[in-house]
Amino acid sequence: MTVRTRFAPSPTGMFHVGGARSALQSWLYAKQQGGAFVLRIEDTDAARNRPEWTEGILNALDWIGITRGTYEGPYFQSANAGEHRAAADKLFAAGRAYYCDCTREDVQARTGSQYQGYDGFCRDRGLTAGPGRALRFRTPDDGLTVVVDLIRGEPTWENKLLEDFVIARGDGSPVFLLANVVDDMTQGITHVIRAEEHLPNTPKQQLLWDALGVKPPVWAHLPVVVNEKRQKLSKRRDKVALEAYRDEGYLADTMRNYLMLLGWAPSGNREIVPWSVIEEEFRLEEVNPSPAFFDEKKLRAFNGEYIRALDERGFVEACQPWLTGTETIPPPPWRPEDFDPAAFAAVAPLAQTRITVLSEIVPNVDFLFVPSPEIDEASWAKAMKEGAGDLLGAAAAAFAALPSWDAESLKAALEAVGAERGLKLGKAQAPVRVAVTGQGVGLPLFESLVVLGKERTLARIEAARVRLP
């Protein structure tokens, strides 16, 4: 058997990190087995589908390494509408489905409960197709449906507890349960690897496979992804869009590594490992079925490690989108003509050891490329206390007199100015840092002053002195 897996997202919004995890693990499993991975866009919800969301899915998959050309598709579910209707007709003709004209209010009136499922009222009424008549699958009255799941063992359902579920709406259009099964059959899917929230649908879908005379696929339901409160990640409450992490400056390698850890771990008590190790060691049957915590703080720490592991050229290249802006990343606060690539290259190694997401590069280096720094008022208030004007004047004089504009000379000069006033270097450099960069924290001060240059450094110190009362 040639293994064929699939990922079937709906183009109705941003790309969920949980979906990215499912896609990545499904794609890798197929690759390990020498099989094929299929991308199917479930686009039958015409009211919510938008072409840009489809392109967003493709771009997001590209970003995490599931690049176009490494999979089949994208196929579109809407193109298979004829097969869906044919399957519905086949089930009706075989007596495995029947038409029903009951409304929800009808069922509630008969059962006396808004929570009880469908009561089978139309099973033997012999209705034919017609406006407002849904097609329901006739579930078996007895026996068990056993789902063989590579991760969860053999979850079992009593058939008598499964209601006769709708497979086609009153207008004849198939619902998700049937369309999904028919698409998987048509595309020869052998392994369905998807999130745990689909598990309740599985006995119904397996019954459909059986009724249509096709052997069901191998199932594998990945653990639900939860937040720190152990609640299922929600786009209304949590940061879940893969694109948001990309545009904030998470590296693709970081995200790919972290997504694979949602339910699985490599050997040797390791977490940050090369992709080659993941490719070699990942085993679908070793995925833990317990909920997987999406820990953004941990992800951020991972990203810092990946950033520090870049070589100098790789780091400079990785920062480029935030230095220029893109369609989804806002432009930096400086004019394009004021950006100096050589100056950036000079401070890039200093920034690389300090940032955890690439978007942090902008506030760390913007002072180099703007006419004057934007002053953080809290930092100003903290640094510019009594005596700050005197210290800034003395520092400017000491800097101006230096025969060599280098970090060691600048440090020694400010140390001397501070010592004359009973201040250690940390206290002495605070007003200078705020005057020159606008911030209370940032890159190493003296190396920054070297890149900024003597003229601009002295001008900014003087501007700060003028601003002081």
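It should be emphasised that the depicted structure is a prediction, and the values quoted were computed from it without experimental measurement.
- When the options Arg246, Arg256, Glu243 are evaluated for a side chain to side chain contact (heavy atoms under 4.5 Å, CB included) with Trp63, the one that passes is Arg246.
- From Tyr306, atom OH reaches atom CG of Asp253 across 6.0 Å, with rounding to the nearest 0.5 Å.
- The closest donor-acceptor contact from the side chain of Asp338 to the backbone of Val370 lies at 3.5 Å or more, if one exists at all.
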- Please lay out, stage by stage, how Glu55 and Arg68 fare under the test salt bridge (Lys or Arg N to Asp or Glu O under 4.0 Å). CA-CA 12 Å; Glu55 186 61 27; Arg68 298 171 222 216; 3.2 Å; yes
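- Applying the salt bridge (charged side-chain N to carboxylate O under 4.0 Å, His left out) test to Glu271 and every residue at least two apart in sequence or in another chain returns Lys298.
- One N or O on the side chain of Thr324 and one on the backbone of Gln320 form a donor-acceptor pair closer than 3.5 Å.
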- Message: Working note: Phe282 + Trp264, criterion ring-ring contact (aromatic ring centres under 6.0 Å, His included); need CA distance, chi angles, decisive distance, verdict.
- Response: CA-CA 8 Å; Phe282 177 70; Trp264 174 82; 5.4 Å; yes
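- Looking at residues two or more places apart in sequence or on another chain, you find no side chain to side chain contact (heavy atoms under 4.5 Å, CB included) involving Pro336.
- Not one N or O on the side chain of Ser173 forms a donor-acceptor pair closer than 3.5 Å with the backbone of Arg169.
- When the salt bridge (charged side-chain N to carboxylate O under 4.0 Å, His left out) test is applied to Glu228, no partner is found at least two apart in sequence or on another chain.
- For Glu305, the salt bridge (charged side-chain N to carboxylate O under 4.0 Å, His left out) partners two or more places apart in sequence, or in a different chain, are Arg308.
- Judged by the 6.0 Å distance and 45° axis criteria, Arg467 is positioned over the aromatic ring of Trp380.
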- Message: Go through it in stages, so that I can follow the logic: the residues are Arg152 and Glu196, the test is salt bridge (Lys or Arg N to Asp or Glu O under 4.0 Å), and I'd like the CA-CA distance, side-chain angles, deciding distance and then a yes or no.
- Response: CA-CA 10 Å; Arg152 299 172 187 281; Glu196 178 184 353; 3.4 Å; yes
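- With rounding to the nearest 0.5 angstrom, the CG atom of Leu358 is 4.5 Å from the CD1 atom of Ile307.
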- Query: Stepwise, does the side-chain contact (heavy atoms from CB on, under 4.5 Å) test hold for Met255 with Leu242?
  - Reply: CA-CA 9 Å; Met255 185 58 73; Leu242 188 70; 3.6 Å; yes
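- Ring pair Tyr29/His191 is tilted by interplanar angle, where 30° to 60° counts as tilted.
- No more than 12 heavy atoms of other residues, nucleotides or ligands lie within 6.0 Å of CZ in Arg313, so this atom counts as exposed by the packing criterion.
- Below 30°, between 30° and 60°, or above 60°: for Tyr258 and Phe302 the angle between ring planes is above 60°, a perpendicular geometry.
- In summary, Arg85 and Glu83 do not engage in a salt bridge, as defined by a charged side-chain N under 4.0 Å from a carboxylate O.
- Using a 4.5 Å cut-off on side-chain heavy atoms (C-beta onward), Leu177 and Asn180 make no contact.
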- Task: In sequence, state the C-alpha distance, the side-chain angles, and the governing distance for Gln77 and Asp183, and then conclude on side-chain hydrogen bond (donor to acceptor under 3.5 Å, both in side chains).
- Result: CA-CA 7 Å; Gln77 188 173 68; Asp183 290 344; 2.9 Å; yes
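- Counting heavy atoms from C-beta outward, Leu414 and Phe399 have side chains that approach closer than 4.5 Å.
- Under the rule for a salt bridge (charged side-chain N to carboxylate O under 4.0 Å, His left out), Arg354 has no partner lying at least two apart in sequence or in another chain.
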- Message: Let's go through Lys382 and Glu377 carefully: what are the C-alpha distance in whole Å and the side-chain angles of both, what is the deciding distance for salt bridge (Lys or Arg N to Asp or Glu O under 4.0 Å) to 0.1 Å, and is it a yes or a no?
- Response: CA-CA 9 Å; Lys382 184 177 180 180; Glu377 295 301 332; over 6 Å; no
- Task: Begin from the C-alpha positions of Lys232 and Asp238 and carry the test salt bridge (Lys or Arg N to Asp or Glu O under 4.0 Å) through to its verdict.
- Result: CA-CA 9 Å; Lys232 178 185 172 183; Asp238 304 303; over 6 Å; no
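- Taking the ring axis of Phe37 as reference, the NZ or CZ atom of Arg6 does not stay both within 45° of it and closer than 6.0 Å to the ring centre.
- For residues 284-296, the set of pairs meeting the side-chain hydrogen bond (donor to acceptor under 3.5 Å, both in side chains) definition, not counting sequence neighbours, comprises Lys239-Glu296, Asn288-Ser290.
- Taking 4.0 Å as the cut-off between side-chain N and carboxylate O, Lys411 and Glu447 do not count as a salt-bridged pair.
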